[in-house]
There are 2 protein chains.
Amino acid sequence: MSRNKRDDLIRNALKIFYRNGFNATGMDLVAKETGVSKTSIYKHFRTKDELILAVLRLRDEDFRNWLFRRMEELADSPAGQLLAMFDALEEWFEADGFQGCMFIKASAEFQDKDDAINRQSYAHKELLVDHFARLAEASGHESPRALARELLILKEGAIVIAAMSHNPAPAREAKAIAARILG
Amino acid sequence: MSRNKRDDLIRNALKIFYRNGFNATGMDLVAKETGVSKTSIYKHFRTKDELILAVLRLRDEDFRNWLFRRMEELADSPAGQLLAMFDALEEWFEADGFQGCMFIKASAEFQDKDDAINRQSYAHKELLVDHFARLAEASGHESPRALARELLILKEGAIVIAAMSHNPAPAREAKAIAARILG
DNA sequence: CCTCACATTGACCGATCTGTAAATATTCTT
DNA sequence: AAGAATATTTACAGATCGGTCAATGTGAGG
């Protein structure tokens, strides 16, 4: 299987897991929907967990690329970008197929502290904080790390409530808070 | 089975589902750990989903009772109680067996918009908002509902990050934000 | 003590779970 | 084109899934 086909497999598996959940999705369904037989899948991933980890790596890249680029498109200054994050989130919440944060859901289903899926899910959040902290520092804020962690809390809270309520409003509500702590 | 035994069953099932997850916990395990045979369980709950709904009803009562009482114990004024919520959360995050919010996890595993489990999970959050809004109104705040929704976002964000990172710090960080928007 | 209603049980059902083995296509090298 | 190496498939294994049934245990009323 070429690298390309393997990437297609991961990308298709991502859609299925995001739509259906991890434990609720059997490998038979993954095989059927991706058009790749189970044996071939297991040639490249020793276990279902390894496939999930590969899916989460792809999701991490995709999501950070999308979010950071969108923040740049929506604002010029670092502080403006941090605020614009919530506009980007609102677009996401309104998009077809929005089902909440894949990492929160992965962490919820694989909640063992030492589970690789759990650790990798939190690593994604740490990468977000790193980026927020860089922007906060560039904007001349004192204690950029603390600000970055506060923004992460706002972002995750907005995602969780938007996903549960099927309503994008939490993006604006979180933005209102962010505007106050950024000003 | 007496009402008492039925309640015991629900309470024990709660512990198992909270520790193990919903889809990952089979009814055979529930039967074994509660000491009640599967047939007896299914006499009282027609499906696993109905048992889960009963578990979530109990959790809703338990959690709101605990949180609201703890807020009252920690502060007198309505505004003080809203701020003290984050101290109560910190205690929860530090407690043995803390595994995040059961409703967020239920919503993550049963994400269908029309799923009863999903709707009941969000209903719990709405009850929290109602209480926050009453306190916000009693504290003389303008737009108490908006403030209540903002506090909910802070609370959920703190829970999610605390659960993923196995670190209670988000409680203090969320409290710092709350102090600013309450002042 | 006997009976009847009910609670509870171990065994079981078909479906589905993750993962694998043997057999078949396909591709690459020479 | 021949043969080695690699991909892929079908079929299946053993375990577990949610849920059920026939048989047993139990307690109250006569």
Side-chain angles (χ1 to χ4, degrees), chain A residues 1-56 105-106 108-112 114-118 120, chain B residues 1-57 102 105-106 108-112 114-118 120:
Chain A
M1 181 186 275
S2 69
R3 177 50 43 112
N4 212 330
K5 291 207 118 190
R6 183 189 153 108
D7 288 351
D8 283 353
L9 166 61
I10 298 175
R11 197 167 288 280
N12 285 326
L14 192 157
K15 286 185 205 154
I16 304 167
F17 283 131
Y18 184 57
R19 192 189 337 123
N20 264 51
F22 296 98
N23 282 314
T25 301
M27 292 298 281
D28 288 289
L29 181 65
V30 173
K32 196 171 78 170
E33 299 256 324
T34 61
V36 180
S37 75
K38 260 201 303 181
T39 312
S40 290
I41 296 175
Y42 277 101
K43 264 281 189 307
H44 296 281
F45 304 99
R46 280 166 42 219
T47 64
K48 183 185 181 182
D49 279 13
E50 282 199 13
L51 172 59
I52 293 174
L53 287 170
V55 162
L56 292 180
K105 297 199 288 190
E109 291 202 54
F110 303 90
Q111 54 194 324
D112 251 25
D114 298 326
D115 191 304
I117 293 175
N118 195 327
Q120 189 168 316
Chain B
M1 179 185 281
S2 71
R3 178 50 44 111
N4 212 329
K5 292 206 117 190
R6 183 190 152 107
D7 288 351
D8 283 353
L9 166 62
I10 297 174
R11 198 168 288 280
N12 285 327
L14 192 158
K15 285 185 206 155
I16 304 168
F17 283 132
Y18 184 56
R19 191 188 339 121
N20 263 48
F22 296 97
N23 281 315
T25 301
M27 292 300 282
D28 288 289
L29 182 65
V30 173
K32 196 171 79 173
E33 299 256 323
T34 61
V36 180
S37 74
K38 260 200 304 181
T39 311
S40 289
I41 296 177
Y42 277 101
K43 264 280 186 305
H44 297 280
F45 304 99
R46 281 167 41 220
T47 63
K48 182 184 182 183
D49 279 13
E50 282 199 12
L51 172 60
I52 293 175
L53 286 171
V55 162
L56 292 180
R57 272 190 291 273
M102 192 160 203
K105 296 198 288 191
E109 291 201 54
F110 304 89
Q111 54 194 319
D112 251 25
D114 297 326
D115 191 304
I117 294 175
N118 194 327
Q120 189 168 315

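Note that the coordinates shown come from a computational prediction; the quantities given were computed from them, not determined experimentally.
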A/Ile41 versus A/Met27: any side-chain heavy-atom pair under 4.5 Å?
-> yes

Check whether any side-chain heavy atom of A/Val36 sits under 4.5 Å from a side-chain heavy atom of A/Asn12, and report yes or no.
-> no

The salt bridge (Lys or Arg N to Asp or Glu O under 4.0 Å) partners of B/Asp28 (sequence neighbours excluded) come to B/Lys38

Any residue meeting salt bridge (Lys or Arg N to Asp or Glu O under 4.0 Å) with B/Arg57, in chain and number order, not counting sequence neighbours = none

Contacts satisfying side chain to side chain donor-acceptor pair (under 3.5 Å) that involve residues 14-25 of chain B (not counting sequence neighbours) are B/Asn23-B/Glu109

Any residue of residues 46-56 of chain B with a heavy atom less than 4.0 Å from an atom of DNA chain C = none

Which of residues 14-26 of chain A sit near DNA chain C, with a heavy atom under 4.0 Å from it?
-> A/Thr25, A/Gly26

Any residue meeting side-chain contact (heavy atoms from CB on, under 4.5 Å) with A/Thr39, in chain and number order, not counting sequence neighbours = A/Ser37

Sequence neighbours left out, what passes side-chain contact (heavy atoms from CB on, under 4.5 Å) with B/Ala116? Give chain and number order.
-> B/Leu53, B/Arg119

Using whole Å, what does the distance between atom [atom2] of nucleotide [N] and atom [atom1] of [X] come to?
X	N	atom1	atom2	value
B/Phe45	D/dT20	CZ	C1'	18 Å
B/Lys32	D/dA15	NZ	C1'	14 Å
A/Phe110	C/dT18	CZ	C1'	12 Å
A/Tyr42	C/dC17	OH	P	11 Å
A/Leu9	D/dT8	CG	P	10 Å
A/His44	D/dT8	NE2	C1'	10 Å
A/Met27	D/dC12	CE	C1'	17 Å

I need the [X] [atom1] to [Y] [atom2] distance, nearest 0.5 Å.
X	Y	atom1	atom2	result
B/Ile52	B/Phe110	CD1	CZ	4.0 Å
B/Gln120	B/Leu56	CD	CG	5.5 Å
A/Phe22	A/Ile117	CZ	CD1	7.0 Å
A/Thr34	A/Ile10	OG1	CD1	11.5 Å

Report, one pair per line, the protein and nucleotides 9-11 of chain C atoms (nitrogen or oxygen only) whose separation is under 3.5 Å.
from, atom 1, to, atom 2, distance (Å)
C/dT9, OP2, B/Ser37, N, 3.0
C/dT9, OP2, B/Ser37, OG, 2.8
C/dG10, O6, B/Thr39, OG1, 2.3

Rounded to 10°, tell me the angle between the two end axes of the helix from C/dC1-D/dG30 to C/dT30-D/dA1, each built from five pairs.
-> 10°

Might you work through the side-chain contact (heavy atoms from CB on, under 4.5 Å) test for B/Leu51 and B/Tyr42, ending with a clear yes or no?
-> CA-CA 9 Å; B/Leu51 172 60; B/Tyr42 277 101; over 6 Å; no

Can you tell me which residue pairs pass the salt bridge (charged side-chain N to carboxylate O under 4.0 Å, His left out) test with a partner in residues 40-49 of chain A, sequence neighbours excluded?
-> A/Arg46-A/Glu50

Quick test: give all pairs of protein nitrogen or oxygen and nucleotides 23-28 of chain C nitrogen or oxygen below 3.5 Å, distance rounded to 0.1 Å.
none

For B/Gln111, what residues pass the side-chain hydrogen bond (donor to acceptor under 3.5 Å, both in side chains) criterion, not counting sequence neighbours?
-> A/Lys105

